[in-house]
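The block underneath contains the structure these notes are about, expressed in structure tokens.
In what follows, every chain begins at residue 1, and chains take the letters A, B, ... in the order their sequences are listed.
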Amino acid sequence: MNIEKFIQEQAAASIETLYGKVGDELIQVQKTRKEFEGDYTLVVFPLLKASRKSPEMTAAEIGEHMTAASPALNGFNVIKGFLNLALDPAFWGARFAEIAADEKFGLGQPSGRTVMVEYSSPNTNKPLHLGHIRNNLLGYSVASILAANGNEVIKANLINDRGIHICKSMLAWQLYGGGETPESSGMKGDHLVGKYYVEFDKHYKAEIKELAAQGMAEDEAKQNAPLMLAAQEMLRKWEAKDPETIALWETMNGWVYEGFDKTYKDLGVDFDKVYYESQTYLLGKNIVEEGLAKGVLYRREDGSVWIDLTADGLDEKLLLRSDGTSVYMTQDLGTAYQRFEQYKLDELIYVVGNEQNYHFQVLKLVLKKLGYDWADHIYHLSYGMVELPEGKMKSREGTVVDADDLMDGMVAEARQMSEELGKLDGCTEEQAEAVGRMVGLGALKYFILKVDPKKTMLFDPRESIDFNGNTGPFIQYTHARIRSVLRKADETGVDYSGKVDPNAGFVQAEIEIIKQLADYPSVVCAAGETLSPSLVAAYVYDLAKLYNGYYHDHQIMREENQAVRRMRLQLCLQVARMIRSGMALLGIDVPERM
RNA sequence: GGUCCCGUAGCUCAGCUGGAUAGAGCAACAGCCUUCUAAGCUGUAGGUCUUUGGUUCGAAUCCAAACGGGAUCACCA
């Protein structure tokens, strides 16, 4: 049941009898702040007009009436204009029983809606870095959260496998690679290709410098450097389907895909549908034609097609080049159309960095002007950049934090920590390895997902990600601790299965935990509405923190009263379950021991 | 210049559609392991919520302006 709503209804009923009917928006119920006594608080200020009495009087009257009317309420206090209502322990006990019995607790009813989440969408000319990690984790988590809210979710990846940047890597490999392959070099495929992307840039810069020394202007040098001309020539060949070029392209992209597959696997993300730009880049031209016919778009003398968005505060935007070839925007128009058609999507979410805010603003506006109603159901989940202490990451300047390196580092650190603490003595090598992975990745994932997506975040590679405090490992540790207690119960034959007794004599700390457990569905729902994994992260952290305090102050297995011990074990079980469930929404696994 | 985002403790971040004395973690300091996992728990200290106006019973939150930081405005993607 939705407790807040329950209180709201009780309050509405009492207010109506006392003062007459008032609007729902005036009945403001919120959780009581920790420093005050009570569970829920009714803010009475908005009701003063109806009551025509002082805040204190009004609150007292409503409090009296509500506690008399509802057996679930066993007391109240008034502080200034705030009416703090206390619920009966048995009421919380009933909620606890409800939660324990509900296997789908926290999961929303099927919504009948289909949502596509596009995320990751890498270029195949270099390996993934920290920025991609944020993208992938966000996309995966948002997809999980939407699924938990009862939506049919399609995870999509649009791989940018063509274009001039790919040709640069290919060309450099041809020129300087000496036939090097992932096998011959022992390098991961995406890293190998990335190496030649950097190599291209190095030689290209040298050429520019040389041309400049010969007196050529910089812009001109950039355009006329032999390497650039060769790369452009290669792109033309690719577009003309030159067999040799295509073969090289397929080979090198194949290396990259193998590399990406490993990175995705390590990260724990996956996709239901993979699109390749080489197969979609021609889409959208017919939409442009349609726009021309409708007069929404216009053609310039040189043949290029544009849309004028100056009336909307934006600029003019190119949609088709003068040679008739498409640009990024053309393709996105086409793929969006195709997806809404094919899957009858209710929503299409693009997880893309905020550097592309303008692009998506334009995309939606163009579709809207073309008369497509579904344009309103495109949502750009725009996330901030991950910055280093010295500023933005620049792949060409080698200041990127590589995804694979970062993950390996985190895992190694987690492993070392486990060993130092002696936590995994007696475990097999495989178990220790698995825990190290879980904890290392848990630290990384939580570190990234606890931050509001739209904010720029800072990552300092010299200061490793914490394992203490508000971190993934803290939460994982709490889970492992609980499992340890439950194992002990199993080993000693203490039975805690069966129904929860709602009158088991809960102490306040237990009620606080039950309150937090009861909150889970509304958090999952809010996270789905706002596409914010950070809400789930904060929730799980609060739960773990509450539990740790409780664990510190109360005996569980050593509790002598069998009924109380049973209830405590059941409570532990539910906390572990909600931690596991919440962390799963973040794409984080929790260990049985650590 | 246009559009958009951000500004909260020394650092990294929470603070939901306006509500009570602005919260965590890290770092610092002081404590707690012969007792279910100390990756834990407790305490101390740390704030002009960038600034100024406005809206109102009430503003970190909403509005406006200023200041500071970032992104973007390509026949790149």
Q) Just checking, any donor-acceptor pair under 3.5 angstrom between side chains of A:Y358 and A:D315? A) yes
**Q.** B:rG31 pairs with, by Watson-Crick or G-U criteria that keep both distances under 3.5 Å
**A.** B:rC41
Q) So which nucleotide does B:rC62 pair with, by the Watson-Crick or G-U wobble rule with both distances under 3.5 Å? A) B:rG54
Q | Closest listed nucleotide, where the reference is the side chain of A:Y551 and the choices are B:rA38, B:rG23, B:rA77 | A | B:rA38
Q) Is the base of B:rA38 touched by the side chain of A:N548 through a donor-acceptor pair closer than 3.5 angstrom? A) no
**Q.** Per A:N468 side chain, nearest of listed nucleotides B:rU37, B:rA71, B:rG40
**A.** B:rG40
Q: Please measure how far the P atom in B:rC16 lies from the corresponding atom in B:rC57, and state the result in whole Å.
A: 22 Å
Q: Mind checking A:V485 for me? I need base, sugar-phosphate or nothing, with any heavy atom below 4.0 Å counting as a touch.
A: sugar-phosphate
Q) A:P46 near the nucleic acid: base, sugar-phosphate alone, or nothing, with a heavy-atom cut-off under 4.0 Å? A) base
Q) Does B:rA14 have OP1 or OP2 sitting under 4.0 Å from an N or O in the side chain of A:N470? A) no
Q) With rounding to whole Å, what would you report as the distance between B:rA9 and B:rC4 at their C1' atoms? A) 29 Å
Q. On a whole-Å scale, what distance lies between the C1' atoms belonging to B:rC33 and B:rU37?
A. 11 Å
Q. Hey, does A:H554 reach any base, or is it just sugar-phosphate, or nothing, if we go heavy atoms under 4.0 Å?
A. base
Q.
Mind checking if A:M385 touches a base, just sugar-phosphate, or nothing, with heavy atoms under 4.0 Å?
A. nothing
Q.
Does A:A480 reach a base, just sugar-phosphate, or nothing at all? Heavy atoms under 4.0 Å.
A. base
Q: Return the nearest nucleotide to the side chain of A:K545; candidates are B:rA24, B:rC6, B:rC13.
A: B:rA24
Q) Contact class for A:D312 vs. all strands (heavy atom < 4.0 Å): base, sugar-phosphate, or nothing? A) nothing
Q.
Classify A:I556 by what it touches in the nucleic acid, base, sugar-phosphate, or nothing, heavy-atom distance under 4.0 Å.
A. base
Q. Given atom OH of A:Y541 and atom P of B:rA24, what is their separation to the nearest angstrom?
A. 9 Å
(Q) Taking atom types as they are modelled, would you say the side chain of A:S418 forms a donor-acceptor pair with the base of B:rA39 within the 3.5 Å cutoff? (A) yes
Q) When all nucleic acid strands are considered with a 4.0 Å heavy-atom cut-off, which category describes A:F474: base, sugar-phosphate, or nothing? A) sugar-phosphate
Q) What is the nucleic acid contact for A:Q555, judged by heavy atoms within less than 4.0 Å: base, sugar-phosphate only, or nothing? A) base
Q.
Under 4.0 Å, heavy atoms only, any strand: does A:Q361 hit a base, just the sugar-phosphate, or nothing?
A. sugar-phosphate
**Q.** Identity of whatever pairs with B:rA24 - Watson-Crick or G-U, under 3.5 angstrom
**A.** B:rU12
Q) Which part of the nucleic acid, if any, lies within contact of A:G313, taking any heavy atom under 4.0 Å across all strands shown: a base, the sugar-phosphate backbone alone, or nothing? A) sugar-phosphate
**Q.** Sugar-phosphate, base or nothing in reach of A:Q476, heavy atoms under 4.0 Å
**A.** nothing
Q) Relative to each other, are the rings of A:F474 and A:Y541 parallel, tilted or perpendicular (30° and 60° limits)? A) tilted
Q: Determine the Euclidean distance between corresponding P atoms of B:rG70 and B:rU12; express it in Å to zero decimal places.
A: 15 Å
Q) Does the base of B:rA39 carry an N or O that pairs as donor and acceptor with the side chain of A:T471 under 3.5 Å? A) no
Q) Counting side-chain heavy atoms from CB outward, which of B:rC36, B:rG2, B:rA14 is closest to A:Y358? A) B:rG2
Q) NA contact type, A:K423, heavy-atom cut-off 4.0 Å: base, sugar-phosphate, or nothing? A) base
**Q.** A:Y119 vs A:N157 side-chain heavy atoms within contact, under 4.5 Å
**A.** no
Q) Are any of the side-chain nitrogens in A:E592 or A:R580 under 4.0 Å away from the carboxylate oxygens of its partner? A) yes
**Q.** A:S382-A:N357 side chain donor-acceptor pair, cut-off 3.5 Å
**A.** yes
Q. Of all the choices, B:rA77, B:rU37, B:rU21, which nucleotide is nearest to the side chain of A:E35 once you look at every atom?
A. B:rU21
Q) Does A:F36 lie flat on the base of B:rA20, that is, centres under 5.5 Å apart and planes under 30° off? A) yes
Q. Across the strands shown, which category fits A:D519 at heavy-atom distances under 4.0 angstrom: base, sugar-phosphate, nothing?
A. nothing
Q) Out of B:rA20, B:rG40, B:rA77, which nucleotide sits closest to the side chain of A:T32? A) B:rA20
